[in-house]
S.K.: 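I'd like to ask you about the structure that follows.
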Amino acid sequence: MSEVHHSDEFYIRQKKIAELREKGVEPYGDKYEVTHQAGEIVGNFAELEDKIVSVSGRIVSKRGHGKAAFAHLQDMSGRIQLYIRQDRVGEEEYSLYKTLDVGDIIGATGEVFKTKTGEITINISSFNLLSKSLRPLPEKWHGLKDVELRYRQRYVDLIVNPAVREVFITRSKVIQHIREYLNRKGFLEVETPVMHSVAGGASARPFITHHNALDIDLYLRIATELHLKRLVVGGIEKVFELGRIFRNEGISTNHNPEFTTVEIYQTNADYEDMMKLTEELVASVAEEILGTLKISYGGKELDLSLPWPRRDLLDIVREYTGVDFESIPDDDGARRVALQKGLELEGNESRGQIIFTFFEKFCEDRLWGPLFVKKYPVEVSPLARRCSDDPRYTCRFETFLAGKEIADAFSELIDPFDQRARFEAQVKMRAAGDEEAHMMDEDFLTALEYGMPPTGGLGIGIDRLIMILTDSPSIRDVILFPTMRPRV
RNA sequence: GGGCCAUUAGCUCAGGCGGCAGAGCACCUGACUUUUAAUCAGGGUGUCCCAGGUUCGAGUCCUGGAUGGCUCACCA
């Protein structure tokens, strides 16, 4: 009703509302006592045949035959056919039925039977209009295809495209399963602040907001990491948070400005333990919800059978680029190789940054997975513990599924001296113009100075995981209301 | 932010070369008591995304803009 421009149909239905009210029929009714869901009746015909049932839902199709008529009613469980005849309900009720439009929400009561053609149907003895629909629904053959309208008006998408509802039901089940899995293993679910005075825990640009009473700018969180690690310091030895985070970055089929992660921390664990947790968690989700470990994404097979391969990042770089960074020990040498490979440099890049760039530019899009890539350079991993055998690398891994990075994890850095040095290096990069470099977080350092136990930490991108599990090509297909430019 | 593409009825779409704006579904009028993409007879309901320009004449050609999709860049 906010639009200035209405279809004729809108006015026709408005007029119907006035006529209904004249006859004493309220077009926006109170709740209707329901005994069954549509899907329940269709699935239990043997028990329910000839029984009286009450259902409610939206009329999604109508077929009139003079003094009798058919319609389909849709509720959350599915659709069921309704049959109504004038000699059953009377002329007045039948003429009221005839004024109903596709899209109206009604409650209906009658006996369950099967038509000549074998469809399970309710023979209506009475019905109530519960909510009059003013706007016509999209067409029944093709549904709603316009992706812009599907995202902007997800409610219409959900009404007419049943597969969309299935995706979001699966999403809910996946999250539910993750929560139960972690609860079963003794992890405590917590909620930490969304508004941060220091945005940390990831390399990303934050959104900025303002608190009026305190008169301070606050950042929307870009990760839950640093607060969860404070809780580990506080003695919460197994903890997780399923939460929305916000990154002020571009939008693509793999990126939405707000998205959901689960971050998991466990003391007396290391990144090897986190690999096991990752693969077991994802495999159990697939097994439980899809019933198989052999799934396909975009027409390509993805076998989630355990264990998943583990490979050193440096080995992968060597395989795909032919460059062995083991034999290039210093920054200068690394920069020379980078220039040879056609990379544009600013001149102050470190060896570790260049190795990581090689991985991202020349390797990442060729990985299909499942695969754990481990041992990331310390320069690009400011919160991860150094490998004991080589301090230039960290006990960090990323998990690739169907070519997408879906998890990032490490043995946590618990040494407050090293952590301070890492932050200082980041702050320097920030001062040099890197807007995604980490900020100094003194309170987090204070927490580490109280002593943090050895801990394994893991973050999983829930939206991407659900894309893979539902074979969805765009992250917007698994987010109910993806970020869109507002309409003028 | 760059590149490519799209935008025509409520929805899904067609509209060679510049010449009266089209189809199916939906909707409206009527017929029809087990249909199911119901059927039959009749009816076109429009800011052709917006603003300029070229032209006797623009949905169509040109310029600029808006929104969206894909893609590259950045990130997860």
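If you're wondering where the values come from, they're calculated on a predicted model, not measured in any experiment. By convention in this document, chain letters (A, B, ...) are assigned in the order of the sequence lines, proteins followed by strands, and residues within each chain are numbered from 1. Values reported hereafter were calculated over all heavy atoms of this structure, with side chains retained and with hydrogens, waters and symmetry mates removed.
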S.K.: Taking ring-ring contact (aromatic ring centres under 6.0 Å, His included) as the test, write out the residues that go with A:Phe423, two or more places apart.
M.R.: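 Scan of A:Phe423 (ring-ring contact (aromatic ring centres under 6.0 Å, His included), adjacent residues dropped) gives none.
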
S.K.: Protein-nucleotides 40-44 of chain B N/O pairs closer than 3.5 Å?
M.R.:
none

S.K.: Taking atom P in both B:A73 and B:G2, compute the distance separating them and give it to the nearest angstrom.
M.R.: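 Those two atoms are separated by 16 Å.
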
S.K.: Quick one: side chain to side chain donor-acceptor pair (under 3.5 Å) partners of A:Glu40, sequence neighbours excluded?
M.R.: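 Per chain and number, A:Glu40 pairs via side chain to side chain donor-acceptor pair (under 3.5 Å) with no residue.
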
S.K.: Scan A:Arg152 against the nucleic acid and name what it touches under 4.0 Å (heavy atoms): base, sugar-phosphate only, or nothing.
M.R.: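 Since only primed, P, OP1 and OP2 atoms lie under 4.0 Å of A:Arg152, the category is sugar-phosphate.
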
S.K.: Reckon A:Lys116 touches a base, only the sugar-phosphate, or nothing at all at heavy-atom distances under 4.0 Å?
M.R.: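 If one applies the 4.0 Å heavy-atom cut-off, A:Lys116 turns out to touch a base.
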
S.K.: Rounded to whole Å, please give me the gap between NE2 in A:His142 and P in B:C13.
M.R.: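 Atom-to-atom, A:His142 to B:C13, this comes out as 7 Å.
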
S.K.: Is a donor from one side chain sitting under 3.5 angstrom from an acceptor on the other, for A:Thr224 and A:Glu241?
M.R.: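 No, because no side-chain N or O of A:Thr224 sits under 3.5 Å from a partner of the opposite role on A:Glu241.
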
S.K.: Strictly distance-based, threshold 3.5 Å: is any side-chain N or O of A:Gln353 a donor or acceptor partner for the main-chain N or O of A:Ser350?
M.R.: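 Between the backbone of A:Ser350 and the side chain of A:Gln353 there is a qualifying donor-acceptor contact (under 3.5 Å).
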
S.K.: Is there any protein nitrogen or oxygen under 3.5 Å from a nitrogen or oxygen in nucleotides 69-73 of chain B, and what are the pairs?
M.R.:
from  : atom 1 : to       : atom 2 : distance (Å)
B:G69 : OP1    : A:Arg476 : NE     : 3.4
B:G69 : OP1    : A:Arg476 : NH1    : 3.4
B:C70 : OP2    : A:Arg476 : NH1    : 3.1
B:U71 : OP2    : A:Thr253 : OG1    : 3.4

S.K.: B:C20 and B:U39: how far apart are their C1' atoms, nearest whole angstrom?
M.R.: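 Each nucleotide's C1' atom is 34 Å from the other's.
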
S.K.: Within the structure shown, what part of the strands sits under 4.0 Å from A:Asp87 by heavy-atom distance: base, sugar-phosphate, or nothing?
M.R.: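 Base, at least one base heavy atom under 4.0 Å.
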
S.K.: Provide, to the nearest angstrom, the distance between the CG atom belonging to A:Leu144 and the P atom belonging to B:A26.
M.R.: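 The answer, rounded to whole Å, is 17 Å.
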
S.K.: Considering only atom C1', compute the distance from B:G53 to B:A58 and round it to an integer number of Å.
M.R.: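 Pairwise C1' distance, B:G53 against B:A58, rounds to 11 Å.
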
S.K.: A:Glu119 near the nucleic acid: base, sugar-phosphate alone, or nothing, with a heavy-atom cut-off under 4.0 Å?
M.R.: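 Here A:Glu119 touches the bases of the nucleic acid.
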
S.K.: Distance only, no hydrogens: is a donor on one side chain within 3.5 Å (strictly under) of an acceptor on the other, for A:Ser203 and A:Glu436?
M.R.: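 Short answer, no.
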
S.K.: Which part of the nucleic acid does A:Arg485 contact within heavy-atom distance under 4.0 Å: base, sugar-phosphate only, or nothing?
M.R.: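 Touches sugar-phosphate only.
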
S.K.: With rounding to whole Å, what would you report as the distance between B:C49 and B:C11 at their P atoms?
M.R.: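 So the two P atoms sit 13 Å from each other.
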
S.K.: Between P on B:A76 and CD1 on A:Ile245, what's the gap in Å once rounded to a whole number?
M.R.: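 To the nearest whole Å, that distance equals 9 Å.
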
S.K.: I'd like to know if A:Glu19 pairs up with A:Lys15 as an ion pair, taking the criterion as any Lys NZ or Arg NE/NH1/NH2 lying under 4.0 Å from an Asp or Glu carboxylate oxygen.
M.R.: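 So A:Glu19 does not pair with A:Lys15 through a salt bridge.
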
S.K.: Counting heavy atoms from C-beta on, name the nucleotide in B:U34, B:C28, B:G10 closest to the side chain of A:Lys16.
M.R.: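 Closest of the options to the side chain of A:Lys16: B:C28.
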
S.K.: Quote, to the nearest angstrom, the C1' distance that separates B:C48 from B:A21.
M.R.: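 Comparing C1' positions in B:C48 and B:A21 gives a spacing of 8 Å.
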
S.K.: Will you find, in the side chains of A:Asp75 and A:Ser77, an N or O donor that is under 3.5 Å from an N or O acceptor?
M.R.: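 Yes, because at least one side-chain N or O of A:Asp75 sits under 3.5 Å from a partner of the opposite role on A:Ser77.
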
S.K.: Look at all strands and tell whether A:Gln81 reaches a base, only sugar-phosphate, or nothing, counting heavy atoms closer than 4.0 Å.
M.R.: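 Base contact.
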
S.K.: Is any side-chain N of the basic residue among A:Lys229 and A:Asp441 closer than 4.0 Å to the acidic one's carboxylate O?
M.R.: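 Salt bridge absent between A:Lys229 and A:Asp441.
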
S.K.: Of all of residues 58-71 of chain A, which get a heavy atom below 4.0 angstrom from RNA chain B, listed by number?
M.R.: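 Heavy-atom contacts with RNA chain B come from A:Arg63, A:Gly64, A:His65, A:Gly66, A:Lys67, A:Ala68, A:Phe70.
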
S.K.: Taking only the C1' atom of each, what is the distance from B:G16 to B:C61 in whole angstrom?
M.R.: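 Between the two C1' atoms, the distance is 14 Å.
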
S.K.: When the C1' atoms of B:U45 and B:U8 are considered, how many whole Å apart are they?
M.R.: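 That atom pair is separated by 15 Å.
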
S.K.: Taking the side chain of A:Arg85 as its heavy atoms from C-beta onward, which of B:U34, B:A38, B:U35 lies nearest to it?
M.R.: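 Looking only at heavy atoms from C-beta outward on A:Arg85, the closest nucleotide is B:U34.
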
S.K.: Any chance you could encode RNA chain B as dot-bracket? Rule is Watson-Crick or G-U wobble with both distances under 3.5 Å; [ ] for pairs crossing earlier ones, | for another strand.
M.R.: (((((((..((((.....[..))))((((((.......))))).)...(((((..]....))))))))))))....

S.K.: Ring-on-base stacking between A:Phe259 and B:A76, under 5.5 Å between centres and under 30° between planes: is it there?
M.R.: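 Yes.
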
S.K.: In whole angstroms, how far is the P atom of B:A6 from the CG atom of A:Leu149?
M.R.: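 Rounding to the nearest Å, CG of A:Leu149 and P of B:A6 are 18 Å apart.
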
S.K.: In whole Å, I'd like the distance from the CD1 atom of A:Ile12 to the C1' atom of B:A26.
M.R.: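 Rounding to the nearest Å, CD1 of A:Ile12 and C1' of B:A26 are 11 Å apart.
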
S.K.: Distance check needed: B:C74 P versus A:Ile222 CD1, whole Å only.
M.R.: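 Interatomic distance, CD1 of A:Ile222 to P of B:C74: 18 Å.
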
S.K.: May I ask you to say what A:Asn256 touches in the nucleic acid, namely base, sugar-phosphate or nothing, with a heavy-atom cut-off under 4.0 Å?
M.R.: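 The answer is base, as A:Asn256 lies within the cut-off (heavy atoms under 4.0 Å) of a base atom.
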
S.K.: Look at all strands and tell whether A:Ile406 reaches a base, only sugar-phosphate, or nothing, counting heavy atoms closer than 4.0 Å.
M.R.: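 Answer is nothing: A:Ile406 stays at 4.0 Å or more from every strand.
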
S.K.: Any salt bridge (charged side-chain N to carboxylate O under 4.0 Å, His left out) pairs touching residues 457-474 of chain A, not counting sequence neighbours?
M.R.: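 Only A:Arg171-A:Asp463 qualify under salt bridge (charged side-chain N to carboxylate O under 4.0 Å, His left out).
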
S.K.: Take atom CD1 of A:Ile466 and atom P of B:A76, then tell me their distance rounded to the nearest Å.
M.R.: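 In whole Å, B:A76 P lies 19 Å from A:Ile466 CD1.
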
S.K.: For B:G43, decide between syn and anti, treating a glycosidic angle within 90° of 0 as syn.
M.R.: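 That one's anti.
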
S.K.: Sequence neighbours excluded and cut-off under 3.5 Å, please list the side-chain donor-acceptor pairs for residues 367-380 of chain A, or say none.
M.R.:
from     : atom 1 : to       : atom 2 : distance (Å)
A:Trp368 : NE1    : A:Glu301 : O      : 2.7
A:Lys374 : NZ     : A:Asp312 : OD1    : 2.9
A:Lys375 : NZ     : A:Asp389 : OD2    : 3.3
A:Tyr376 : OH     : A:Glu398 : OE1    : 2.9
A:Glu379 : OE2    : A:Gly352 : N      : 3.4

S.K.: Got more than 12 heavy atoms from elsewhere within 6.0 Å of CZ, A:Phe356?
M.R.: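 Result for CZ/A:Phe356: enclosed.
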
S.K.: Quick one: side-chain contact (heavy atoms from CB on, under 4.5 Å) partners of A:Glu258, sequence neighbours excluded?
M.R.: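 Per chain and number, A:Glu258 pairs via side-chain contact (heavy atoms from CB on, under 4.5 Å) with A:Arg244, A:Phe246, A:Asn256, A:Thr483.
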
S.K.: In terms of side-chain heavy atoms of A:Glu9, which of B:C13, B:U35, B:C27 is nearest?
M.R.: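 Side chain of A:Glu9 sits closest to B:C27.
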
S.K.: When rounded to the nearest Å, what value does the distance between C1' atoms of B:C28 and B:U33 take?
M.R.: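 Each nucleotide's C1' atom is 24 Å from the other's.
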
S.K.: Give A:Asp146 one of three labels, base, sugar-phosphate or nothing, depending on what nucleic acid heavy atoms sit under 4.0 Å from its own.
M.R.: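 Sugar-phosphate: the residue A:Asp146, judged by heavy atoms under 4.0 Å, touches backbone atoms but no base.
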
S.K.: Using salt bridge (Lys or Arg N to Asp or Glu O under 4.0 Å) as the criterion, list what pairs up with A:Arg165, not counting sequence neighbours.
M.R.: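 In terms of salt bridge (Lys or Arg N to Asp or Glu O under 4.0 Å), with neighbours along the sequence ignored, A:Arg165 is linked to no residue.
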
S.K.: Just wondering, more than 12 heavy atoms not from A:Met440 lying within 6.0 Å of its CE?
M.R.: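 Yes.
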
S.K.: Please report the distance, rounded to the nearest Å, between CD1 in A:Ile468 and P in B:A76.
M.R.: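 In whole Å, B:A76 P and A:Ile468 CD1 are 16 Å from each other.
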
S.K.: Determine all donor-acceptor pairs shorter than 3.5 Å in which one atom belongs to a side chain in residues 64-72 of chain A; sequence neighbours excluded.
M.R.:
from    : atom 1 : to       : atom 2 : distance (Å)
A:His72 : ND1    : A:Ser61  : OG     : 3.2
A:His72 : ND1    : A:Arg63  : NH2    : 3.4
A:His72 : NE2    : A:Glu119 : OE2    : 2.7

S.K.: In terms of side-chain heavy atoms of A:Lys145, which of B:U12, B:C25, B:C11 is nearest?
M.R.: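 Nucleotide nearest to A:Lys145's side chain: B:U12.
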
S.K.: Please tabulate, one pair per line, all N/O donor-acceptor pairs under 3.5 Å involving side-chain atoms of residues 425-432 of chain A, not counting sequence neighbours.
M.R.:
from     : atom 1 : to       : atom 2 : distance (Å)
A:Gln426 : OE1    : A:His438 : N      : 3.0
A:Arg430 : NH1    : A:Glu435 : O      : 3.2
A:Arg430 : NH1    : A:Ala437 : O      : 2.7

S.K.: Give A:Glu435 one of three labels, base, sugar-phosphate or nothing, depending on what nucleic acid heavy atoms sit under 4.0 Å from its own.
M.R.: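 Counting heavy atoms under 4.0 Å across all strands, no contact is made by A:Glu435.
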
